[in-house]
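Contents: one structure, followed by commentary.
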Amino acid sequence: MAYSEKVIDHYSNPRNVGTLDKSKTEVGTGLVGAPECGDVMRLQIEVDPETHIIQDAKFKTFGCGSAIASSSLATEWLKGKTVDQALEIDNMDIVEELSLPPVKIHCSVLAEDAIRAAINDYRIKNGLAPLEEKAHLH
Amino acid sequence: MLKLPVYLDSNATTRMDNRVLEAMLPYFTEDFGNAASRNHPYGWKAEEAIDYSREQIAKLIGSSEKEIIFTSGATESNNLAIKGIAEMYATKGNHIITAVTEHKAVLDTCKHLEKQGLQVTYLSVNREGLIDLEELAAALTPQTILVSIMFANNEIGVIQPISEIARLTHAAGALFHTDATQAVGKVPVDVESMGIDLMSFSAHKMYGPKGVGALYVRRKNPRVKVTAQMDGGGHERGMRSGTLNVPGIVGLGKAAEICQTEMESEMKRISELRDYLETSLLKLPESYVNGSREHRLPNVSNISFKYVEGEGLMMGIKDLAVSSGSACTSASLEPSYVLKCLGLSDDLAHSSLRFGLSRYTTKEEIDFAIECVEKAVVQLREMSPLWEMFQDGVDLSTVQWAAH
Ligand SMILES: Cc1ncc(COP(=O)(O)O)c(C=O)c1O
């Protein structure tokens with residue numbers, strides 16, 4: 001399969017690989033996917049409690065090049081956004097930016113799920129109501 | 001200078017030997033005759049070439065030259081053997097035994113026959129990829145007409161106990177077919193001493209051309225016959241019609257001859273390179289060889305790298321032409337059924353690579369391959385949440401995965 005240049009770039013030079021301290025209240029962690037499905041993504045955000053701005057974002061992904069690129073790109077986009085702005089990131093934005101082929105759209109969906117899961121974790125930790133389930137058109 | 005990507009997929013196909021090409025060339029142009037033309041020298045010359053090829057092949061497999069039926073490859077040979085026996089011996093019985101790790105050319109042929117009412121038993125394999133002889137003995141019935149078990153597996157290279165299988169099969173009055181596509185030319189194969197009644201093989205796996213192969217059909221003790229699966233001019237003793245592919249058959253013969261003379265030294269050289277590759281890669285933690293290491297072809301190594309995803313791994317080793325245990329061309333990943341039959345979990349099957357060495361593989365290429373794989377595995381593990389969890393002592397089987 002031919003990968004787009006941007007996917008190759010993120011795969012070869014992934015941005016923000018790493019781990020944040022998940023015991024901190026400012027850190028939200030989202031772990032989505034399953035090993036037997038071939039993708040597991042862990043996305044973490046560190047939020048400034050005053051401004052609600054995401055100051056840091058890290059990921060680790062077990063998956064194909066497109067899954068790695070989707071999560072790497074997501075961390076880039078998350079940094080500097082407020083939590084509410086982060087929720088507006090749509091999987092189709094990722095598809096477009098990385099020129100993902102139809103069979104790889106699920107990687108972008110997973111990245112969006114990981115963002116929501118991380119934000120949810122952050123909200124619950126800080127006494128906020130969890131987000132409503134979002135229905136995906138896979 | 002290495003030619004990239006480095007080719008390590010010799011179980012898929014091999015580069016044709018230049019000596020084979022040279023032997024074939026005249027039969028495309030100058031000596032273009034039809035081997036069935038009995039009335040002029042063009043035909044005689046072609047027939048002579050075919051006969052010579054039969055001799056070369058017969059020597060390699062320990063048969064008589066009259067027992068070689070030329071086909072278009074191992075897929076056709078398997079179809080002809082299994083369907084041909086089922087049809088020819090229909091009055092004797094309606095039961096066939098095969099194994100779950102066979103090539104699709106055998107499995108799907110058996111499924112086809114099942115739809116027509118035949119009974120098929122699919123023997124399981126153990127973690128090593130070997131069938132259980134007791135299970136075979138128990139499966140044999142007076143209705144059994146054929147046992148078809150591959151000589152060596154194309155994904156893991158595991159070699160089945162062929163002589164023992166043949167003995168049990170004959171004791172029960174059935175015939176024994178083996179798909180030896182991966183074995184012929186690579187390891188000693190002797191149809192007489194091993195008790196093989198029918199055997200499929202293919203030129204392109206042994207440095208010959210694509211699209212030509214053969215089916216060995218025993219003529220004595222017992223005399224075996226298969227019903228032709230294509231109607232036509234009655235070539236190949238009526239078992240396989242169609243004008244013979246003279247250049248291809250000449251190529252198969254030459255390939256067989258070269259394999260025979262070079263097998264001993266080649267087996268030694270290739271298995272040493274393979275072992276070097278394998279022991280080097282096994283230094284990576286959580287890497288496992290799939291299938292028996294003892295009963296195995298000298299040119300294959302199938303290794304799983306835990307906590308690394310297969311497609312991501314393939315992308316990291318794009319300078320190597322290898323096969324992976326996952327056929328992930330779509331969103332729904334299909335791990336190798338052979339590896340699953342060994343009891344591997346989906347994720348371990350996905351993270352496997354098959355290295356296939358050949359006559360042309362060099363030490364330099366293997367060093368390069370080791371470096372590529374090590375680098376990719378280490379990098380991907382640094383990026384893998386599963387690797388981190390494993391290192392932190394988390395039992396991944398207890399994690400509630402949020403599958404989407
Ligand atoms: C074990 C086995 N059987 C059969 C085949 C099919 O051979 P051919 O390509 O000659 O039809 C192959 C090759 O893919 C094989 O590895």
Side-chain angles (χ1 to χ4, degrees), chain A residues 1-3 7-8 10-19 22 29-44 58-69 71-72 91 100-114 116-117 120-121 133-134 136 138, chain B residues 286 304-319 324-336 339-340 344-352 375-392 394-404:
Chain A
M1 175 174 321
Y3 290 95
V7 168
I8 293 170
H10 277 280
Y11 175 91
S12 315
N13 311 291
R15 332 288 199 258
N16 309 308
V17 174
T19 308
K22 67 169 182 245
T29 302
L31 181 67
V32 298
E36 57 273 17
C37 305
D39 306 285
V40 177
M41 254 179 220
R42 190 192 65 197
L43 209 137
Q44 294 183 298
K58 297 271 184 215
F59 84 95
K60 280 203 177 184
T61 289
F62 163 89
C64 65
S66 304
I68 289 168
S71 35
S72 170
N91 80 288
L100 296 182
V103 295
K104 292 297 179 189
I105 288 178
H106 71 283
C107 297
S108 68
V109 172
L110 204 60
E112 190 190 316
D113 285 350
R116 293 179 69 85
N120 235 344
D121 183 54
E133 284 281 333
K134 181 178 168 186
H136 276 301
H138 283 201
Chain B
E286 297 296 309
S304 285
F305 302 94
K306 221 173 167 182
Y307 312 116
V308 176
E309 191 275 334
E311 203 178 333
L313 181 57
M314 290 299 275
M315 192 172 165
I317 55 166
K318 60 178 188 337
D319 286 333
S324 90
S326 60
C328 33
T329 46
S330 69
S332 63
L333 304 174
E334 274 282 331
S336 142
L339 296 180
K340 290 208 73 178
L344 264 72
S345 59
D346 279 13
D347 45 329
L348 257 190
H350 279 306
S351 66
S352 72
K375 189 163 159 249
V377 169
V378 168
Q379 271 179 2
L380 289 167
R381 280 181 175 167
E382 262 164 35
M383 256 193 266
S384 166
L386 304 180
W387 178 246
E388 184 184 308
M389 290 161 99
F390 164 72
Q391 301 241 298
D392 289 345
V394 177
D395 179 357
L396 292 176
S397 63
T398 64
V399 176
Q400 278 273 316
W401 298 106
H404 73 136

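Predicted model only: the values in this text are computed from it and were never measured. Worth knowing before you read on, the calculation uses all heavy atoms, side chains too, and leaves out hydrogens, waters and symmetry mates.
- A:I105 does not touch chain B: none of its heavy atoms, backbone or side chain, sits under 4.5 Å away.
- The backbone N or O of A:N91 sits less than 3.5 Å from a side-chain atom of A:E112, completing a donor-acceptor pair.
- By the 4.0 Å N-to-carboxylate-O rule, B:E388 lies close enough to A:R42 to be salt-bridged with it.
- The greatest number of non-hydrogen atom pairs below 4.5 Å with chain A, out of B:G312, B:P385, B:S345, B:S384, is found for B:P385.
- Side-chain contact check for A:L110 versus A:H106: every heavy-atom pair is 4.5 Å or farther apart.
- B:Q379 does not touch chain A: none of its heavy atoms, backbone or side chain, sits under 4.5 Å away.
- Residue A:P14 touches chain B through its side chain alone, counting heavy-atom pairs closer than 4.5 Å.
- The residue among A:G65, A:G63, A:G18, A:A117 with the most heavy atom pairs within less than 4.5 Å of chain B is A:G63.
- If you measure heavy-atom distances from A:V40 to chain B, the contacts under 4.5 Å come from both the backbone and the side chain.
- Side-chain contact check for B:D347 versus B:Y307: every heavy-atom pair is 4.5 Å or farther apart.
- You'll find the side chain of B:L339 reaches within 4.5 Å of the side chain of B:S352, heavy atoms only.
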